[in-house]
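To start, the structure itself, in structure tokens.
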Amino acid sequence: MNIASVIVDVQAKSINQTFDYLIPERYVDILTTGMRVIVPFGPRKITGFVVGLKDNSEFDKLKEIIEVLDIEPVLTEELLELGKWVADDTLTMYITAYQAMLPQVLKAQYKKELVRNTDERLPEDLEFLFAGRDYISFEEFEQSSIPYSKLQKAIQETAISINYLVKSKITKKYVTFVEPNKEIYLIEESLMDLPQNATKQRELLGYFIKHPNPIEQGKLLKLTNTTRSTIKTLIEKGLLREYKQEVYRNPYDENAFERTYPLTLTEQQERAILPIKEKIEKQEHDVFLVHGVTGSGKTEIYLQAIQEVLEKGKEAIVLVPEISLTPQMVKRFKGRFGDKVAVMHSALSNGEKYDEWRKIQSKEVSVVVGARSAIFAPFENIGIIIIDEEHETTYKQEDQPRYHARDVAIKRGQYHQCPVVLGSATPTLESFARAQKGVYTLATLDKRTNEKEMPEVSIVDMREELHSGNRSMFSQVLKESIEQTIARGEQIVLLLNRRGYSTFVMCRDCGHVKECPHCDIALTYHKRNNQLKCHYCSYEEPMPNVCPECSSDSIRYFGTGTQRVEESLSQLMPHVRVIRMDVDTTRKKGAHEKLLKQFANKEADILLGTQMIAKGLDFGNVTLVGVLTADSMLHLPDFRSSEKTFQLLTQVSGRAGRHELPGQVIIQTYTPEHYSIQLSSQYDYKQFFLQEMHIRRKFRYPPYVFLALITVSHPNHVRAIQFTQRIVHYLSKVVQEETTTVLGPTPSPVTRVKDRYRYQCMIKYKNEPDLRRNIKKIINLYEEEMRKENLLITVDMQPYHLM
DNA sequence: AGCACGCCGACT
DNA sequence: GTCGGCGTGCTC
């Protein structure tokens, strides 16, 4: 086995295959599949993943592997196979899939440098550029105005050569420790020799006489109230010594979590967990859908199932939507399983993510709680996979590889022969339909563990409100309820369902709306720096004082942002204390937790925010939940908009009265008759499911069909339509006519982005085994145009957003 | 993708 | 001749 098959780090279709390399003698015994290597590729050096070992190659002139980067493989056999499957399934390149499975820092960066090979004089400008150095970065050359041909000539004459470097991003964290450098009695003796006025040194040595063990420098400084310079002096005198030790960054301090113990399960919980435990016991794969209302104790089921798995010496993966939003969730897992838990989410720094990943790789932990990508945790003996809030759209990755964590979970569950548990109060129609068909095993929890009823929901028709002369964004009922709640000393959560709205800028005189010059979308106003920004291409311009069209000075920002709600709230009820939570106030790291803590400490009466406050918050003192505009996302061009509205309303309702106090929910809407609003107010998931399924069937949408979305983008409007048309035409010919529909060309909801026109072709199909192959064919067909005229074709199998 | 190489037209 | 621009083909 002296030849390695390598997937190299080049994102190009023609490179999407293995390349064979000779394994140098020194690596033969070390190298295994799943390790990263540095290999020569043309003139440069790049990294790659070893996916296979063999004795022979069809290629006769093999190059040698330059370096092996890992001691332990970063991808297990299972993950190598899984990555291949993900890539094939989502029509992405293997290298893209593999990189998505690993923490960012394992992805190499490439650099070029110029090397001076001769003592002889170089041409004047090059000599000047090198300025006596032997190496300079390639960028330095590029920034100079020296023509490339001059460098080329020098390279040909071998006076200069190019070095291709592979740089690792990995930074391990080190902490300095200090300890005595001599026996304690010698230290005690040396105390005598110190000058009378060396009080700080005495203090330090005195500390070590009492505690002769190594101590972190930072702690030592605090404890002894000394400075680094004193330690330095003692090190120079040979009395102390210091050393650096690698440590894991610790985003969560284990000690901060109070230990919790298994609760007694209710009868319903018991019934739900039993079949899961049975599968764990028998080591069989199955998918469970736990449909449980908010407060029905789903998490306790997860915890006890995991307990079972850990006792069997196996591992568990738990996916949660966006964990930074639910510190309470982390608390529950860390509280139960302590330092057996690794946490993986987007708010961690790259270094922290890497450290958590290494804890998993080294099996120092056996539970990982994390966002989407945690599904690729390098465990090798998985006993259960849990996806909480299964309906959340964040489980679908929106850039390549466009995988859905649920699909990957099931794939891994099959491999490990372990159960996969999907939990939600409002399952996706896809999952619930599968449960109905018996593909998944359904467990229903319709009772809350505290036996409390779900809070009463009242719907307020904002049209009537308007008719009766109330033009504010607070209905009379909501206003009164807020006042009463505050009077009782209880708290309120106000949700501004803002998606679809944003703070766009419009001229009140001529109606002119400021749009991005590169995209077909209104610019968004940012109060912080008084700038207008495009959310698609990051274009920015200052907020104009007068309308660029009619020069009127009545140009204003519109839309119900949280800021405006806050302002009008303080006008209406000046005494009320409000905490506002939105992208602006939570941008800083830890700001999120801080705001929630303040609210929990009752430093405010109202928590006002967007979607992010709807999820997983649990405050005992909140008894009123208000939804300001329930229907604002109901009319988006998205076949899931009803489902999403139902989910959001149900979820936010669950925030009221979770503990002793009874809760109340007020939903303001302009379409009170809409079934997703009506049924969510009655907590009737089943009826919603039936009604929505009816509509999905009528209009042929999932789960009745599968979707595939091909988006074509081109700088030229007509060409974009032309290519889409051709794709539609080609596909229509090759698919099964009776059950498959090929739609298009349809302009994408945002037709122009970054000066490119976007059109799409949607495929609705039931059974189309060759679809991926056919789409691949199309892409290959247009390869030339993609290179020559900047045509771009992206494919999303099972799209979530039809953008 | 990203690099080398080769051809071509424009420029001093 | 020198420079930059662009098209082509290759990477084990």
Side-chain angles (χ1 to χ4, degrees), chain A residues 1-25 27-28 31 33 35-69 80 87 91-100 107-115 122-126 129 137-139 141-167 399-401 715 779-780 782-794:
Chain A
M1 300 291 215
N2 63 340
I3 292 170
S5 296
V6 178
I7 294 287
V8 293
D9 183 12
V10 175
Q11 305 227 17
K13 247 178 289 107
S14 50
I15 310 299
N16 194 29
Q17 49 171 11
T18 60
F19 286 79
D20 292 347
Y21 288 91
L22 278 173
I23 305 171
E25 195 56 43
Y27 290 133
V28 170
L31 189 67
T33 54
M35 288 183 183
R36 294 171 306 143
V37 288
I38 297 176
V39 292
F41 196 69
R44 49 200 176 122
K45 287 185 214 166
I46 56 176
T47 57
F49 294 93
V50 176
V51 296
L53 299 171
K54 52 190 184 179
D55 285 315
N56 308 298
S57 173
E58 291 156 37
F59 280 83
D60 40 357
K61 273 189 236 122
L62 294 188
K63 291 186 184 173
E64 277 196 345
I65 287 173
I66 296 169
E67 201 182 327
V68 175
L69 291 172
L80 283 172
L91 299 172
T92 34
M93 271 141 330
Y94 298 123
I95 188 69
T96 316
Y98 288 142
Q99 276 167 358
K107 195 175 138 68
Q109 277 173 329
Y110 302 103
K111 274 235 158 79
K112 283 195 287 185
E113 62 181 19
L114 298 180
V115 194
L122 300 169
E124 202 47 48
D125 37 10
L126 281 170
L129 187 69
S137 74
F138 193 79
E139 280 120 60
F141 167 77
E142 279 180 316
Q143 279 155 22
S144 75
S145 54
I146 304 168
Y148 191 78
S149 55
K150 216 159 222 174
L151 176 64
Q152 217 170 14
K153 206 167 155 197
I155 291 171
Q156 263 159 22
E157 290 165 358
T158 71
I160 293 174
S161 58
I162 302 180
N163 245 5
Y164 296 89
L165 303 173
V166 179
K167 282 189 119 186
D399 38 41
Q400 289 189 332
I779 296 175
N780 288 334
Y782 292 123
E783 200 172 5
E784 213 184 313
E785 284 87 347
M786 291 176 86
R787 244 186 329 148
K788 277 192 182 149
E789 47 177 313
N790 210 350
L791 165 73
L792 206 72
I793 304 175
T794 53

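We name chains A, B, ... by the order of the sequence lines, and we start the count at 1 in each one. Here the structure is a predicted model, which is why all the values come from computation and not from measurement.
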For the pair made of CG in A/Leu792 and C1' in B/dA1, what is the distance, rounded to whole Å?
14 Å
Would you mind classifying the nucleic acid contact of A/Ser57 as base, sugar-phosphate or nothing, using non-hydrogen atoms under 4.0 angstrom?
nothing
Please give me the minimum heavy-atom distance between A/Ile3 and A/Asp55, naming the atom from each residue.
CD1-O, 3.4 Å
Between A/Thr47 and A/Tyr110: side-chain donor-acceptor atoms closer than 3.5 Å
yes
For A/Tyr94 and B/dA1, what is the distance between atoms OH and C1' respectively, to the nearest whole Å?
18 Å
How would you label the contact of A/Ile15 with the nucleic acid (heavy atoms, under 4.0 Å): base, sugar-phosphate, or nothing?
base
Within this structure, what is the CD1-to-P distance between A/Ile95 and B/dA1, rounded to whole angstrom?
14 Å
Residue mapping more 5' on DNA chain C - nearest nucleotide basis, A/Lys153 or A/Arg787:
A/Lys153
Rounded to the nearest angstrom, tell me the gap between atom CE in A/Met786 and atom C1' in B/dA1.
13 Å
Quick one: sort the A/Tyr148 and A/Phe138 rings into parallel, tilted or perpendicular, breaks at 30° and 60°.
perpendicular
So which atom in A/Gln400 and which in A/Thr96 form the shortest heavy-atom distance, rounded to 0.1 Å?
O-CG2, 3.8 Å
Between atom CD in A/Gln99 and atom P in B/dA1, what is the gap in whole Å?
14 Å
Under 3.5 Å, is there a donor-acceptor pair between the A/Asn16 and A/Gln11 side chains?
no
Check: B/dA1 base within 3.5 Å donor-acceptor of A/Arg44 side chain
yes
How many whole angstroms separate atom CG of A/Asp60 from atom P of C/dC12?
13 Å
Check salt bridge (charged side-chain N to carboxylate O under 4.0 Å, His left out) between A/Glu25 and all other residues, then give those that pass, not counting sequence neighbours.
none
Show the distances under 3.5 angstrom between N or O atoms of the protein and N or O atoms of nucleotides 4-6 of chain B.
from  : atom 1 : to       : atom 2 : distance (Å)
B/dA4 : OP1    : A/Tyr164 : OH     : 3.0

Could you give the NZ-to-P distance, from A/Lys150 to C/dT2, as a whole number of Å?
9 Å
Closest to the A/Ser149 side chain, choosing from B/dA1, C/dC12, C/dC3
C/dC3
Check every strand shown and say whether A/Phe41 touches a base, only sugar-phosphate, or nothing at a heavy-atom separation below 4.0 Å.
base
Taking atom NZ as the centre, does A/Lys54 end up with more than 12 heavy-atom neighbours from other residues, nucleotides or ligands that are less than 6.0 angstrom away?
yes
Among C/dC12, B/dA1, C/dG4, which nucleotide has an atom closest to any side-chain atom of A/Pro147?
C/dG4
In whole Å, what is the span from the CG atom of A/Asp9 to the P atom of C/dT11?
19 Å
